[in-house]
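Just so it is clear, the structure is predicted and the values come from calculations on it, not from any experiment. Numbers restart at 1 for each chain; the letters A, B, ... are given by sequence-line order, proteins then strands.
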Amino acid sequence: MNDTPPPPPPPPTSPPNNPASNAPQGGLDQEQDRRAKLARLRDEFQIDPYGQRVDGLITLAATRALYDQASDAAAKENAENDHRPVAATAGRVMLHRVMGNLIFMTLRDATGDLQIAVSKKAVGTPTFKIAKLLDLGDIVTASGAVGSTKTGEITLWAREENGLRLACKSLAPPPDKFHGLQDAELRYRKRYVDMFANPDVLATFQMRSRIVAGIRQFLNDRDFLEVETPMLQPIAGGAAARPFVTHHNALDFDLFLRIAPELYLKRLLVGGLPRVFEINRNFRNEGIDRSHNPEFTMLELYQAFGDYHAMMDIAETMIHHLATTIGGSEQLPFVSSDGEREISYALPFRRAKYHDLFAEHNGFASTDREKLLAKAKELRIENADKLDHDVLVNDVWEETVEAHLVQPTFVIDYPASLCPLTKIKADEPAIAERFELFISGMELGNAYTELNDPDVQAANFAQQLDGLDGEADTEEQTFRSADHDFVEALKVGMPPAGGLGVGIDRLVMLLTNQRSIRDVILFPLMRPGNG
RNA sequence: GACCAGGUAGCUCAGUCGGUAGAGCAGCGGCCUUUUAAGCCGCGGGUCCUGGGUUCGAGUCCCAGCCUGGUCACCA
């Protein structure tokens with residue numbers, strides 16, 4: 001932007017070392033030690049400790065890949081015969097070993113680690129002094145020959161005055177070089193430290209990115225169009241959850257952060273886009289635990305003239321594809337609270353009916369009211385006899401069935417009363433054409449044959465709101481209101497369709513074997529800290 | 001929201017029965033041209049989460065609070 005170097009910043013708050021007087025001075029504070037070095041680099045070595053543009057750098061992995069055994073051996077045999085490949089690279093200093101007139105350091109970038117050797121003879125005294133002054137955490141560029149050491153470790157041997165240059169001084173001492181950053185609170189609050197201190201963390205987020213890219217590619221290949229629909233919604237529809245509330249000042253009305261994009265995506269089917277998807281954040285103002293973060297990433301897709309079976313095909317094909325291409329296998333380990341288990345993503349995924357699973361895991365049919373009430377008592381479900389039958393069945397179902405659904409399972413054919421946005425089966429009016437996908441006891445996905453009859457939809461909305469009269473608190477009523485415009489859209493006419501939602505964070509957890517959703521979200525929600 | 005565990009040096013962690021606060025790494029000074037968690041010698045570094053209380057004396061015991069993790073509950 002500007003060729004002239006910036007003026008030196010104001011001096012540190014406490015007096016830096018005077019370079020002239022080499023009075024030994026105990027490091028009272030590591031940041032102060034580093035600030036003193038910063039001052040020396042500027043005053044004594046006349047360099048900008050915050051670097052500038054550098055072209056032609058390659059990654060540490062690419063540098064390592066240049067290694068050539070023959071030229072390395074030849075150069076070791078005879079220094080005059082040095083045809084080793086040359087590279088310029090950059091990284092953060094993770095280890096720094098000074099041995100008199102030779103320094104080894106380990107650099108790290110997003111592609112891995114690489115050892116750099118800086119010898120006084122090869123780079124000259126000024127550069128060597130700077131290399132000696134480096135701290136763990138500093139970012140440097142290095143250039144020279146790609147060779148190896150006596151023990152065979154591939155090493156970039158810095159050459160010439162520019163063989164090693166400081167690109168950015170780090171003023172904050174990094175975590176323990178061996179144990180990394182362990183404190184869970186610090187890991188989440190200072191993710192930028194966690195990422196370079198713990199290579200597995202970086203790898204997980206790189207995988208997350210590839211998974212999301214893989215999903216986009218998969219859907220683009222099938223002619224789905226990616227769209228973006230409102231996150232600020234006047235009515236929080238499409239799911240049942242407590243929304244975050246906000247306010248538009250200029251227009252002076254309350255808005256909700258969306259709990260789902262569903263009702264907007266279906267409007268696009270009405271408008272004439274036959275295949276749409278959206279990958280974006282939903283917000284739900286509820287509890288936080290290993291599988292819930294208040295903001296989370298959801299894939300929703302809609303396919304005109306599809307149904308929930310078409311959605312099963314897409315879901316299992318897509319997840320199988322991601323497991324094999326990005327996870328690297330059809331069988332992937334997953335650590336849950338019950339220990340590590342192998343999850344098989346082999347096709348096809350199991351399909352099991354909701355009511356059959358109920359009977360399988362409870363030993364009686366969900367229609368048996370008497371046994372159901374007894375079971376509810378055993379599970380200490382409050383006011384069981386006052387609950388709607390289907391709601392009570394679902395409460396018991398969640399308690400008794402979910403945890404057993406370890407291998408990928410499509411639970412199909414839900415009670416219609418629980419599915420206000422779903423088309424019911426033509427020959428079974430009590431059953432909705434819906435599935436939920438469970439893996440390792442977690443709900444991964446949810447799909448329906450979409451309800452496109454505006455009169456039935458209007459009736460379902462009305463019934464939902466009726467159910468809130470009486471017991472529901474008034475706060476809840478403020479965000480539970482029927483989306484009349486959505487009904488208007490259905491009146492215009494929405495083609496029959498299938499729709500699918502997949503929780504991306506949970507999918508990433510499974511494919512990267514992370515036990516907490518916080519380990520797959522870069523900056524999970526935390527209470528404000530003291531810093 | 002309930003219960004359990006934790007919060008000690010920059011980081012990772014010890015700290016016994018209540019009796020002057022410890023180690024490794026990191027840092028500072030010194031030696032060292034094939035180390036690799038380099039090594040050796042020397043040195044400095046603490047709001048023991050916060051606030052009360054008990055006690056001659058509290059990192060340690062008691063009470064309250066804050067933050068984190070876990071389990072459960074809440075979440076159609």
Compare side-chain N and O positions of [X] against OP1 and OP2 of [N] and report whether any pair is under 4.0 Å apart.
{"X": "A:Arg97", "N": "B:A38", "value": "yes"}
{"X": "A:Lys177", "N": "B:A37", "value": "no"}
{"X": "A:Arg518", "N": "B:G69", "value": "yes"}
{"X": "A:Arg527", "N": "B:C67", "value": "yes"}
{"X": "A:Lys76", "N": "B:U34", "value": "no"}

[X] has an atom [atom1]; how far is it from atom [atom2] of [N], in whole Å?
{"X": "A:Met105", "N": "B:A37", "atom1": "CE", "atom2": "C1'", "answer": "17 Å"}
{"X": "A:Tyr188", "N": "B:G69", "atom1": "OH", "atom2": "P", "answer": "7 Å"}
{"X": "A:Arg108", "N": "B:A37", "atom1": "CZ", "atom2": "P", "answer": "13 Å"}

Both distances below 3.5 Å, Watson-Crick or wobble geometry, any strand: find the nucleotide opposite [N].
{"N": "B:C43", "answer": "B:G27"}
{"N": "B:C17", "answer": "none"}
{"N": "B:C72", "answer": "B:G1"}
{"N": "B:U50", "answer": "B:A64"}

Row check, A:Phe334 ring normal vs A:Arg341 NZ/CZ: under 6.0 Å, within 45°: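 Here A:Arg341 fails the 6.0 Å and 45° test against A:Phe334.
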Measure from the side-chain heavy atoms of [X] and tell me the nearest of [options].
{"X": "A:Asp176", "options": "B:U34, B:C75, B:U12", "answer": "B:U12"}
{"X": "A:Asp135", "options": "B:C28, B:U34, B:G10", "answer": "B:C28"}
{"X": "A:Lys37", "options": "B:C28, B:U68, B:U34", "answer": "B:C28"}
{"X": "A:Ala184", "options": "B:G27, B:G70, B:G69", "answer": "B:G69"}
{"X": "A:Lys150", "options": "B:U34, B:U33, B:U35", "answer": "B:U34"}

Salt bridge A:Arg92-A:Asp109, side-chain N to carboxylate O under 4.0 Å: no
Closest-nucleotide 5' rank along RNA chain B - winner of A:Asn101 and A:Leu136: A:Leu136
Whole-Å C1' distance, B:U60 and B:G53: 15 Å
Contact list for residues 145-163 of chain A, test salt bridge (charged side-chain N to carboxylate O under 4.0 Å, His left out), sequence neighbours left out: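 Checked against salt bridge (charged side-chain N to carboxylate O under 4.0 Å, His left out) - neighbours excluded - the pairs reaching residues 145-163 of chain A are A:Asp82-A:Arg159.
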Ring centre gap for A:Tyr308 and A:Tyr448 strictly below 6.0 Å: no
A:Ser148 and A:Asp72 side chains, donor-acceptor separation under 3.5 Å: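 Side chains of A:Asp72 and A:Ser148: pair found under 3.5 Å.
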